[in-house]
Asks: 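The structure follows.
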Amino acid sequence: MPTAEVLSTIEQNGVRIDVAGLEKISEEFEERLKALSDRIYEAAEETFNINSIIELQSILYDKLEIHKQCKVKPKKIKLGNKMSTDEETLEKMQAHPLPELILQYRELNKLKNTYVDQLPAFVNPDSNRIHSSFRQTVAATGRLASDNPNLQNIPIRTEEGRRIRHVFIPSNDNHVLVSADYSQIELRVVAHFSKDPTFMAAYRQNLDIHALTAATIFEVPEDGVTREMRAKAKEVNFGLIYRMGPERLSLITHTSKTEAKGFIERYFQKYATIHTLQEHFLKQARKQGYAQTLMGRRRYLPAINGRGLHRRMAEGAAVNTPIQGTAAEIIKLAMSAIQKRLQRERLKTKMILSVHDELVFDTPHHEEEIIVSLVKQEMEQVITLEVPLVVDVGVGANWLEAH
DNA sequence: CACATCACG
DNA sequence: ACGTACGTGATGTGT
């Protein structure tokens with residue numbers, strides 16, 4: 001039973017959503033899903049449970065044999081010792097209309113079942129807001145984790161997904177949402193640890209590493225980089241820093257394994273000190289038995305001196321943890337500093353969400369200006385690294401606009 | 001409860 | 001030759 005004090009805190013924090021807006025989206029998605037199902041049954045020449053991987057496998061691989069027309073060698077999965085039906089696999093199976101229809105169905109179905117239809121049930125009737133839990137002792141790297149509901153994985157990457165961000169709104173008409181996010185914080189942490197000359201030079205001029213990588217991968221000029229190209233390049237940058245292999249890289253970039261291999265070689269030639277940094281983290285972890293962040297958090301890795309797959313995974317964690325964990329420490333320090341100032345300066349603004357490199361505030365109109373500069377200043381100055389930290393702040397009538 | 005899939009950083 | 005970015009949580013299927 002929560003105490004009165006806890007309840008009053010609950011009533012002041014949390015995030016409001018536009019339930020009526022979600023209901024409209026739900027109805028629209030319902031109709032579109034129905035239409036998609038009909039087209040799927042037509043393409044499959046039978047009706048079946050679209051959510052059943054086993055039924056879908058037998059249609060794709062046994063009945064229609066689509067993989068044989070596409071030079072696709074889909075990865076095997078345990079279920080029935082058959083092949084995968086995940087997005088990366090279906091994307092390549094363009095010899096038949098069915099896989100693309102399944103992907104469209106999955107996107108809408110995921111959004112509807114996980115977000116559109118579930119979020120309203122989390123609205124507390126007393127506060128009229130959603131109160132997620134933020135857990136401090138779950139993630140091995142020191143990140144926060146959010147559940148009931150998870151507000152750290154609200155969609156943003158697709159057009160339809162962004163409509164869900166749109167329904168996250170301020171607590172009342174006199175408030176706005178303020179969103180402040182660290183620009184590429186993990187790569188800046190990498191720059192700090194590695195002192196890589198290219199990374200340092202880029203961040204001291206406030207350039208966009210992901211866009212630079214995108215221009216390289218897709219062989220376009222820097223001003224020809226699209227949103228999608230940059231998103232892919234972001235995956236590649238993180239993937240390679242955290243030791244992705246040519247197999248996976250070729251899947252992501254839709255190139256051959258040989259091309260991917262060549263790209264990885266060129267990447268680490270260009271950013272030689274990144275490779276040195278990886279070796280440094282591995283050596284440290286092997287010697288000490290744990291990975292360590294900038295501020296001293298340890299993650300013990302008993303498998304680091306073992307063999308096989310377990311060792312390989314421990315090595316991934318040994319490289320990832322100091323970077324992801326340090327970024328987590330930086331934003332947690334910033335949260336603490338900001339909360340102190342909100343209280344000391346008797347501001348009405350509430351810090352309502354923390355999403356790994358972003359903080360969201362529910363702010364009265366008249367505090368808008370002070371909060372924008374207060375938050376930016378505290379987040380950027382909370383620690384001094386070898387490269388500057390940059391925070392982008394936005395204000396809006398919903399979470400999407402604040403971004 | 002394990003697995004596959006997919007939402008986010 | 002093996003396995004091959006990391007960190008989470010929610011959902012539906014199937015045992």
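Chain identifiers are assigned alphabetically (A, B, ...) following the order of the sequence lines, protein sequences preceding nucleic acid strands; residue numbering begins at 1 within each chain.
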Asks: What's the closest nucleotide to the A:S52 side chain, out of C:dT4, C:dT13, B:dA4?
Replies: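 The listed nucleotide nearest to A:S52's side chain is C:dT13.
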Asks: Does the structure show a Watson-Crick or G-U wobble partner for C:dA1, both distances under 3.5 Å? Name it, or say none.
Replies: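 Looking at the geometry, C:dA1 pairs with no nucleotide.
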Asks: Looking only at atom P, what distance separates B:dA4 and C:dG3, rounded to whole Å?
Replies: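 Looking at atom P only, B:dA4 and C:dG3 are 15 Å apart.
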Asks: Return the 5'-most residue of the pair A:T114, A:H356 with respect to DNA chain C, ranking by each residue's nearest nucleotide.
Replies: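 So the residue in question is A:H356.
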Asks: Does the pair A:E27/A:R32 count as a salt bridge with the N-to-O cut at 4.0 Å?
Replies: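 Judged by the 4.0 Å cut-off on N to carboxylate O distance, A:E27 and A:R32 do not form a salt bridge.
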Asks: To the nearest Å, give me how far apart CD (A:E315) and P (C:dG7) are.
Replies: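 It works out to 13 Å between those atoms.
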Asks: Can you tell me which nucleotide in B:dG9, C:dG14, C:dA5 comes closest to the side chain of A:M244?
Replies: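 My answer, after comparing the listed nucleotides, is C:dA5.
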Asks: Got a salt bridge between A:E46 and A:K63, using NZ or NE/NH1/NH2 to carboxylate O under 4.0 Å?
Replies: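 Yes.
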Asks: What is the distance, to the nearest angstrom, from the CD1 atom on A:I102 to the C1' atom on B:dA4?
Replies: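 For the pair A:I102 CD1 and B:dA4 C1', the rounded distance is 15 Å.
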Asks: The side chain of A:R165 lies closest to which of these nucleotides: B:dA4, B:dA7, B:dC8?
Replies: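 Per side-chain heavy atoms of A:R165, the pick is B:dC8.
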Asks: Within the 4.0 Å heavy-atom criterion, would you say A:A327 contacts the bases, only the backbone, or no part of the nucleic acid?
Replies: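 Nothing, no nucleic acid heavy atom in range.
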Asks: What's the gap between C:dT4 and B:dC3 when it is taken at their P atoms, as a whole Å value?
Replies: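 Pairwise P distance, C:dT4 against B:dC3, rounds to 16 Å.
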Asks: Report the distance from atom CG of A:N49 to atom C1' of C:dT11, rounded to the nearest whole Å.
Replies: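 Distance check: A:N49 CG to C:dT11 C1' gives 13 Å.
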Asks: So which pairs with a foot in residues 102-119 of chain A pass salt bridge (charged side-chain N to carboxylate O under 4.0 Å, His left out), sequence neighbours left out?
Replies: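 Output for this query lists A:E30-A:K112, A:K112-A:D117.
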Asks: Quick one: look up who B:dC3 pairs with, Watson-Crick or G-U, both distances under 3.5 Å, and put none if it's unpaired.
Replies: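 Answer to the pairing question: C:dG12, which forms a Watson-Crick or G-U pair with B:dC3.
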Asks: Does atom CG (A:D62) have a neighbourhood of more than 12 heavy atoms from anything else shown, all under 6.0 Å?
Replies: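 Correct, the count exceeds 12.
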